[in-house]
Number of protein chains: 2
Amino acid sequence: MKILIADDDPQILRALRITLTAQGYEIVTATTGTQAITRAVDHRPDVFMIDLGMPELEGIDVIHAIRGWSEAPILVVSGRSGAADKVEALDAGADDYVTKPFSIEELLARIRALTRRVAHEDSDPVVQLGDVTVDLSAHSVTRTRGGETEHVRLTPTEWQMLERLVRNPGKLVTRQTLLTEIWGSEHVSDTGYLRLYVAQLRRKLEPDPAVPRYLITEAGMGYRFDPDGGPVEPARETAHEA
Amino acid sequence: MKILIADDDPQILRALRITLTAQGYEIVTATTGTQAITRAVDHRPDVFMIDLGMPELEGIDVIHAIRGWSEAPILVVSGRSGAADKVEALDAGADDYVTKPFSIEELLARIRALTRRVAHEDSDPVVQLGDVTVDLSAHSVTRTRGGETEHVRLTPTEWQMLERLVRNPGKLVTRQTLLTEIWGSEHVSDTGYLRLYVAQLRRKLEPDPAVPRYLITEAGMGYRFDPDGGPVEPARETAHEA
DNA sequence: CGGGCGCCGTATGGATCCCGTAAGAACGGG
DNA sequence: CCCGTTCTTACGGGATCCATACGGCGCCCG
């Protein structure tokens with residue numbers, strides 16, 4: 001997420017750069033109106049923070065210029081607190097207006113509110129197991145067969161186990177961990193739950209349940225989810241390499 | 001353009017109603033949190049103006065509830081000017097925060113800024129469930145049978161539930177989520193509400209209520225709306241078939 | 001080299017919980 | 001006071017979960 005900050009006060013610029021960088025934003029700064037436009041065209045920021053009282057070009061004109069080609073949110077930061085200034089800026093195309101001095105926490109929250117609408121493409125944890133798609137956020141499992149998608153129904157316990165495995169791709173999940181996290185801390189002795197539900201999951205998810213490629217069992221330790229699907233032909237000899 | 005104003009001060013309500021009506025807006029008012037949610041579901045406003053200090057239900061909870069099914073802009077109007085309150089409201093899903101007393105001109109400008117963004121978005125929430133059409137924006141359900149269209153009446157609670165499900169197509173909606181968002185955060189134990197209203201919805205919407213194809217129940221977890229209508233042949237238990 | 005043992009996969013049956021349905025009471029607005 | 005909505009209660013059916021049993025496989029050990 002890239003933010004362009006246009007302010008003629010270098011001290012404010014420095015402070016904001018430090019704070020916003022710490023929040024994970026990428027910062028581009030400008031000290032004049034013309035520079036703001038130039039850098040905006042150059043860097044294509046996702047959010048604008050624009051001060052009104054800049055030399056060379058008024059902030060209002062900068063807003064107009066930006067709105068000529070960008071839909072990105074514009075947050076105006078200004079020392080003027082009059083209603084007329086706010087109305088003018090907002091009607092020019094700004095999305096929010098904050099007066100100096102402002103709380104940095106509030107500013108961050110307003111930036112989050114503005115970017116929330118633009119950046120709803122937060123990567124959904126979606127995992128592919130051959131022709132089966134697992135969407136953890138939607139709690140849905142679908143199998144695509146010949147262009148047709150059909151839903152695969154999972155019981156709550158099956159979900160619990162699948163979630164534990166998929167959220168740790170490639171890593172071993174101890175039998176102990178699964179038992180205590182799903183059935184409670186008092187369960188330590190394996191009475192056969194795991195084998196049961198792993199079998200059930202494989203039957204519903206694996207292309208060939210008899211030859212597991214994604215839900216791998218580590219004998220004596222636990223289970224592991226292999227996101228790559230393992231080898232296609234497991235019957236060969238892959239003995240000693242380096 | 002319809003605006004819902006939720007405030008416990010009837011005097012403010014009256015003043016805002018006059019001013020905003022003069023601007024060409026359609027106004028819906030509410031004086032309590034629960035009433036705000038009810039009327040929101042009922043009238044589907046394009047913008048929300050919510051006061052924080054309302055009885056029955058905190059403004060924050062109202063914001064959460066609205067965000068459960070609506071993307072409409074939320075403007076918080078509050079007497080509290082602390083940064084913490086602002087951060088909390090904005091992070092809960094609000095788009096703007098204005099402190100009382102406020103300039104009416106500024107308020108109008110902020111509303112214009114918020115609605116400007118919505119006008120560009122073009123999600124037309126119309127869903128088909130067999131021969132039944134659900135128009136979320138128009139707040140209407142019609143069944144077309146042999147060229148003839150008849151109106152289907154839904155109670156407010158039925159709408160609440162249908163909204164939650166249809167707004168999240170394909171995604172599982174937890175029983176917990178439905179309970180807390182529709183009946184309040186104090187409800188956690190299922191006393192049978194959900195089964196009741198889901199049955200009611202199925203009776204009114206499903207082509208064959210005995211074999212649900214759109215309002216799918218996920219045993220032990222919640223419910224899910226399947227926009228594709230699922231398979232014609234309901235999936236049997238996973239045995240050993242090709 | 002062979003047997004014993006432990007671990008894993010699979011199948012089956014019963015106990016329990018959850019879901020769908022219905023009928024009736026309580027509540028609130030017109 | 002009537003009517004629509006919401007809530008309570010109860011019951012039958014089905015799904016889920018759990019316990020048990022059996023066969024296969026690899027590993028350790030004799």
Side-chain angles (χ1 to χ4, degrees), chain A residues 151-162 172-176 178-179 182-184 186-206 208-224 234-235, chain B residues 32 34-35 37-39 41-42 56 151-162 165 172-176 178-179 182-184 186-206 208-224 234-241:
Chain A
H151 249 90
V152 179
R153 296 193 49 190
L154 263 59
T155 70
T157 310
E158 289 165 7
W159 261 111
Q160 298 254 356
M161 183 161 304
L162 181 62
L172 171 78
V173 182
T174 316
R175 203 166 43 207
Q176 187 84 12
L178 290 169
L179 279 172
I182 298 178
W183 282 276
E186 64 273 10
H187 290 75
V188 278
S189 60
D190 178 11
T191 61
Y193 309 144
L194 297 177
R195 288 177 288 163
L196 246 153
Y197 285 102
V198 167
Q200 198 76 354
L201 280 178
R202 286 210 258 248
R203 193 183 312 175
K204 292 184 178 180
L205 304 180
E206 289 276 359
D208 183 4
V211 186
R213 290 171 49 191
Y214 298 97
L215 272 38
I216 310 299
T217 151
E218 300 282 354
M221 298 189 283
Y223 292 92
R224 179 172 54 85
Chain B
T32 69
T34 52
Q35 192 184 38
I37 295 176
T38 304
R39 301 224 164 154
V41 172
D42 221 25
E56 285 190 31
H151 195 75
V152 178
R153 271 176 51 85
L154 292 185
T155 69
T157 310
E158 288 165 8
W159 265 111
Q160 298 242 10
M161 184 160 302
L162 183 61
L165 293 173
L172 173 82
V173 183
T174 314
R175 205 167 42 207
Q176 188 86 11
L178 290 169
L179 279 172
I182 298 178
W183 282 277
E186 64 274 9
H187 289 76
V188 278
S189 59
D190 179 10
T191 60
Y193 309 141
L194 297 178
R195 287 176 289 165
L196 242 142
Y197 285 101
V198 167
Q200 199 76 356
L201 281 178
R202 286 209 257 248
R203 195 176 309 166
K204 293 183 178 180
L205 304 180
E206 289 276 359
D208 183 3
V211 186
R213 289 173 50 191
Y214 298 96
L215 271 39
I216 310 299
T217 152
E218 300 280 356
M221 298 189 285
Y223 293 91
R224 178 171 53 83
R236 254 351 205 155
E237 183 45 32
T238 61
H240 50 287
E241 70 270 15

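A note on names: the letters A, B, ... follow the listed sequences, proteins ahead of strands, and every chain is numbered from 1.
In this entry the distance linking CZ of A:Arg203 with P of C:dG9 reads 13 Å, nearest Å. Between A:Glu206 atom CD and C:dG9 atom P the separation is 11 Å, expressed in whole Å. B:Ile182 places its CD1 atom 16 Å from the P atom of D:dT5, with the value rounded to the nearest Å. Taking atom CG of residue B:Leu201 and atom P of nucleotide C:dG20, one finds them 12 Å apart after rounding to whole Å. Atom-to-atom, CD of A:Gln160 to C1' of D:dC17 comes out at 13 Å; the value is rounded to the nearest Å. In this structure, A:Leu194 atom CG and D:dC17 atom P are separated by 14 Å, rounded to whole Å. The CH2-C1' distance, from A:Trp159 to D:dT16, rounds to 17 Å in whole Å. Regarding B:Gln200, its CD atom lies at a distance of 12 Å from the C1' atom of D:dG4, rounded to whole Å.
Here the side chains of A:Tyr214 and A:Leu205 are not in contact, with every heavy-atom distance at 4.5 Å or above.
In this structure A:Leu196 satisfies the side chain to side chain contact (heavy atoms under 4.5 Å, CB included) test with no other residue, sequence neighbours excluded.
Closest contact between the side chain of A:Thr155 and the listed nucleotides C:dT21, D:dC7, D:dC17 involves D:dC17. Among the nucleotides C:dT21, D:dT6, D:dG4, the one closest to any side-chain atom of B:Arg153 is D:dG4.
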Between protein and nucleic acid, restricted to nucleotides 3-8 of chain C and to nitrogen or oxygen atoms under 3.5 Å apart, what atom pairs and distances do you find?
residue: C:dC8; atom: OP1; partner: A:Arg175; partner atom: NH1; Å: 3.1
residue: C:dC8; atom: OP1; partner: A:Gly220; partner atom: N; Å: 3.0
residue: C:dC8; atom: OP2; partner: A:Arg175; partner atom: NH1; Å: 2.7

For nucleotides 25-30 of chain C, give me every protein contact, N/O to N/O, under 3.5 Å, one pair per line with atom names.
none

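Checking the phosphate oxygens (OP1, OP2) of D:dC18, a side-chain nitrogen or oxygen of A:Tyr197 falls inside 4.0 Å. Contact between the side-chain N/O atoms of A:Trp183 and the OP1/OP2 oxygens of D:dC17 is not found at any separation under 4.0 Å.
For B:Leu196 and A:Thr157, each mapped to the nucleotide of DNA chain D holding its nearest heavy atom, the one lying further toward the 5' end belongs to B:Leu196.
Heavy-atom minimum distance, B:Gln160 versus B:Thr38: NE2-CA, 4.4 Å. Here the closest non-hydrogen pair linking A:Glu206 and A:Val211 is OE1-O, 4.3 Å.
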(request) Step by step, work out the side chain to side chain contact (heavy atoms under 4.5 Å, CB included) result for B:Leu154 and B:Leu162. (result) CA-CA 10 Å; B:Leu154 292 185; B:Leu162 183 61; 3.8 Å; yes
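Using a distance-only test at 3.5 Å, with no hydrogens or angles considered, no donor-acceptor pair links the side chain of B:Glu218 to the main chain of A:Arg153.
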